[in-house]
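What follows is a single structure, written as structure tokens, with notes after it.
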Number of protein chains: 2
Amino acid sequence: MTENAKKILPRLDESLLTHLPPFSKLERRQIRVILDQASSRRYDEGAHIFEEGETAERFFMLLDGYVRVVRVTQTGEQVTALHIPSGQLLGIAKAIGRESYPATAVTATESIVLSWPMRLWDTFVTEYDGFATETYKTVGHRVGELNTRIVELATQQVEQRVANALLRLINQTGRKVDDGIEIDFPITRQDLSELTATTLHTVSRLLSAWEKQGIVESKRKRIKVTDPHALVELSQP
Amino acid sequence: MTENAKKILPRLDESLLTHLPPFSKLERRQIRVILDQASSRRYDEGAHIFEEGETAERFFMLLDGYVRVVRVTQTGEQVTALHIPSGQLLGIAKAIGRESYPATAVTATESIVLSWPMRLWDTFVTEYDGFATETYKTVGHRVGELNTRIVELATQQVEQRVANALLRLINQTGRKVDDGIEIDFPITRQDLSELTATTLHTVSRLLSAWEKQGIVESKRKRIKVTDPHALVELSQP
DNA sequence: CGCAAACCTTGCGCCAGCGCAAATTTCATC
DNA sequence: GATGAAATTTGCGCTGGCGCAAGGTTTGCG
């Protein structure tokens, strides 16, 4: 409840966008236009922003929160392809020449999301300097991440993959706390297992072992890394 | 030798490009300009067209042959991310906002490759209608493939992955022969294992088993699928 | 033709990590 | 503070597929 209170919809204020890469170089007037055309919306934890295969009718910017990009197999298993932190565009199917979303976006926390109808895409690209470049950089970055995940899945042991995943999470979304770095959103053993292609049981065992060694501390849905260096060691082959 | 004789450098003729998606809509005059600025080159089997991390100074079109896109881990293992058939662009770092190539391109057969200096990229995008769209579609398609590979690696057994890889190869690059479909380029057990994240031993065992069941026939570096339907069965969970 | 290099096959033992099962802890709600 | 749902922990046995090793086959080359 108190959490909710903090996360009311923000006023559509210029300062929301000016510091974000795709828009940072724009004039106030341009930002104004962009904001006027945007819809703002709050999503609960676990909500789906868009679904794989759906016609891509809107594109999104994550203002606050975290999003998991997942695929679901025929047998219903979920596989997490990426984690997206706030400040990034998502659902940018047009930037990769697609008419439909290639995966499903699920909020990992309550999130605030801005969105625009896809028909504005071309306008944004032609009207706003740097927008195209930034979106292609975003795509490039994600392609890099996908490649990295493939290499990890192909060559590393489960322990290394989980260690790597944790490191990536604290790098991207870590919050410094008293004696360590905590992952900034609720994450279950199940989530971690979907991210590392293993089972929640194995993740649980690993975390227990690491906790005994003083590398991490974890409560339900919370993980704090107290000795990142040790994790780096574990993540090396 | 006779093989080589067939694969001399082609004359830079208009018909080379007119039927390829990125250029198909262009006028003869435009094709002429594009060809004038291109370099044509033949690569031996196993040659590297470009290396991961290298500054992306040129972009390429594969006119004939097949290319594997690979990453090499710190420990020297190779992981194949994609296979690219002829008629496609590659090394299009600019389309994903990168200054350097994100992976290494290795020829799987002798190949004929056209290339242009990257400084022409923006010109191509602005001057030639449909070029940008096609490149983004290419990117989109590859992102889809990468996602699929991640899901496969994460959820499937080795046997299913190898079956899937074979099916994909015969779909993309299969050549109908007397009593089956043959993969159109030399492929070793090792190659297949790098494509499916397993060992050449396991691939060898699987192929032997399948050969006994009459699903495939294979010689050194050659694989022919005689019963694709059975493979489809095996590829399902 | 004979040799070396590259490629392929097969047997055997082992173990990381999964599946199953059951118990326990934590949290939200009334 | 009682109840139920969700998340987590832990034990145990089994097995897919890897590592190791040895031997066989095909191809290219001097």
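Reminder, nothing fancy here: chain letters follow the sequence lines and each chain counts from 1.
Heavy atoms from other residues, nucleotides or ligands lying under 6.0 Å from CD of E211(B) number more than 12.
Within the structure, a side-chain polar atom (N or O) of T198(B) is placed less than 4.0 Å from OP1 or OP2 of dC18(D). Close to dA7(D), at under 4.0 Å from its OP1 or OP2, lies no side-chain N or O of T188(A).
Under 3.5 Å, the side chains of R168(B) and T148(B) contain no donor-acceptor pair of N or O atoms. A donor-acceptor contact under 3.5 angstrom links the side chains of E77(A) and T75(A), judged on distance only. Of the N and O atoms on the side chains of T196(A) and T198(A), not one donor lies less than 3.5 Å from an acceptor on the other residue.
Screening residues 216-237 of chain A for ring pair (Phe, Tyr, Trp, His ring centres under 6.0 Å), with sequence neighbours left out, gives no hits.
The NE2 atom of H201(B) sits 11 Å away from the C1' atom of dG17(D) (whole-angstrom rounding). In this structure, R189(B) places its CZ atom 18 Å from P of dG24(D), rounding to the nearest Å. For Q190(B) and dC18(D), the CD to P distance is 12 Å, given to the nearest whole Å.
Looking at heavy-atom distances under 4.0 Å, S204(A) makes contact with a base.
Remark: D178(A) does not engage K176(A) in a salt bridge, criterion side-chain N to carboxylate O under 4.0 Å. Looking at D191(B) and K221(B), no side-chain N of the basic residue comes within less than 4.0 Å of a carboxylate O on the acidic one, giving no salt bridge.
On the nucleic acid side, DNA chain C has its first and last nucleotide under 4.0 Å of a heavy atom of chain A at dA16(C) to dC27(C), going 5' to 3'.
Against DNA chain C, the stretch residues 152-161 of chain A makes heavy-atom approaches under 4.0 Å through Q157(A), V158(A). DNA chain D lies under 4.0 Å from no heavy atom of any residue of residues 66-80 of chain A. Remark: R205(B), R220(B) in residues 205-228 of chain B come within less than 4.0 Å of DNA chain D through at least one heavy atom.
Figure legend: R98(B) and Y101(B) shown without cation-pi pairing, the cationic atom not lying both under 6.0 angstrom from the six-membered ring centre and within 45 degrees of its axis.
With T107(B) contributing its side chain and A47(B) its backbone, the two residues share a donor-acceptor pair below 3.5 Å. A donor-acceptor pair under 3.5 Å is absent between the side-chain atoms of N164(B) and the main chain of R161(B), judged by distance alone. Proximity of a side-chain donor or acceptor of T226(A) to a complementary backbone N or O of G214(A) within less than 3.5 Å is detected. The main-chain N or O of T80(B) is found under 3.5 Å from a side-chain atom of R149(B) such that the two form a donor-acceptor pair.
Partners of F59(A) by ring pair (Phe, Tyr, Trp, His ring centres under 6.0 Å), not counting sequence neighbours, listed by chain and number: W116(A), W121(A), F124(A).
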